[in-house]
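First the structure, in the form of structure tokens, and then the observations on it.
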Amino acid sequence: MIVSPISEIQRYTPLSEGLAIAIDWLKNFSADQFVKGNIEIGKTANGTVIAKCEECSLIPRERAQLEAHKKFIDIHVPLKCTETIGWAPVSSMKHVREEYDEEKDIAFFGDTAHSLIHVKVGQCAIFFPEDAHAPNIGLGNHRKICIKIPV
């Protein structure tokens, strides 16, 4: 897991082709361009990099579920307010709430997050397949981008 100001995220482009595509797109994105829905932002040998522009309600910490993906890296980018995200290593998960669904590429866990990360507007959080994460914690409504990078 990486948390970084968007202004300094360029240093992570060597990690993967898909991450480089996502970071280049993100560095040129303006919140004024936000339109709810999915945007195809590039292709890699592993598949298509997609930016999901979302408006959603934030939820209380006790209702947030840890989730994990095997086929994608997620970049969470809050646009309207700080987003709190729970984190824990997948390897420590002991309470499977929903088994891994290969078609949806997601599993849910009943474990408690080890850490809470407060991602501010102008920052982003990158979650790899080994990172369970519980997004959208807080109060009120929220506008964000979740970039899905195939691995």
[X] versus [Y]: any side-chain heavy-atom pair under 4.5 Å?
X: I85; Y: H76; value: yes
X: E54; Y: K36; value: no
X: E55; Y: N141; value: no

Between [X] (side chain) and [Y] (backbone), is there a donor-acceptor pair under 3.5 Å?
X: D131; Y: M1; result: yes
X: S4; Y: I6; result: no
X: D105; Y: K71; result: yes

CA sep, side-chain torsions, deciding dist, call: W25, I145, side-chain contact (heavy atoms from CB on, under 4.5 Å): CA-CA 12 Å; W25 180 85; I145 297 170; 4.0 Å; yes
Test side-chain contact (heavy atoms from CB on, under 4.5 Å) applied to L19 and I75, step by step: CA-CA 9 Å; L19 204 49; I75 302 179; 3.7 Å; yes
From [X] atom [atom1] to [Y] atom [atom2], the distance as rounded to the nearest 0.5 Å:
X: D74; Y: H133; atom1: CG; atom2: NE2; answer: 4.0 Å
X: F108; Y: E67; atom1: CZ; atom2: CD; answer: 5.0 Å
X: T48; Y: I39; atom1: OG1; atom2: CD1; answer: 14.0 Å
X: H142; Y: C81; atom1: NE2; atom2: SG; answer: 6.0 Å
X: R63; Y: L58; atom1: CZ; atom2: CG; answer: 11.0 Å

How far apart are the closest heavy atoms of [X] and [Y], and which atoms are they?
X: N136; Y: C56; result: OD1-SG, 3.8 Å
X: P150; Y: T44; result: CG-OG1, 3.9 Å
X: A68; Y: V90; result: CB-CG2, 3.6 Å

Criterion side chain to side chain contact (heavy atoms under 4.5 Å, CB included) against F29, the qualifying member of I147, D24, L79, I41: L79
Does one hydrophobic cluster hold both [X] and [Y], with members joined at side-chain heavy-atom distances below 4.5 Å?
X: W87; Y: I2; result: no
X: V77; Y: F34; result: yes
X: L26; Y: L15; result: yes
X: V151; Y: I106; result: no

F109/Q65 under side-chain contact (heavy atoms from CB on, under 4.5 Å): CA gap, chis, key distance, verdict: CA-CA 6 Å; F109 304 96; Q65 291 186 75; over 6 Å; no
side-chain contact (heavy atoms from CB on, under 4.5 Å) assessment of F72 paired with K148: CA-CA 6 Å; F72 290 91; K148 306 291 283 182; 3.8 Å; yes
What pairs of donor and acceptor atoms, side-chain ones from residues 112-130 against any protein atom, are under 3.5 angstrom apart with sequence neighbours left out?
from, atom 1, to, atom 2, distance (Å)
H114, NE2, S92, OG, 3.4
H118, ND1, T84, OG1, 2.9
Q123, OE1, K120, N, 2.8

Short N-O contact, K94 and D111, less than 4.0 angstrom: no
Short N-O contact, K80 and E83, less than 4.0 angstrom: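 No, this pair does not count.
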Crowding at CD, E8 (>12 non-hydrogen neighbours, <6.0 Å):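 Result for CD/E8: enclosed.
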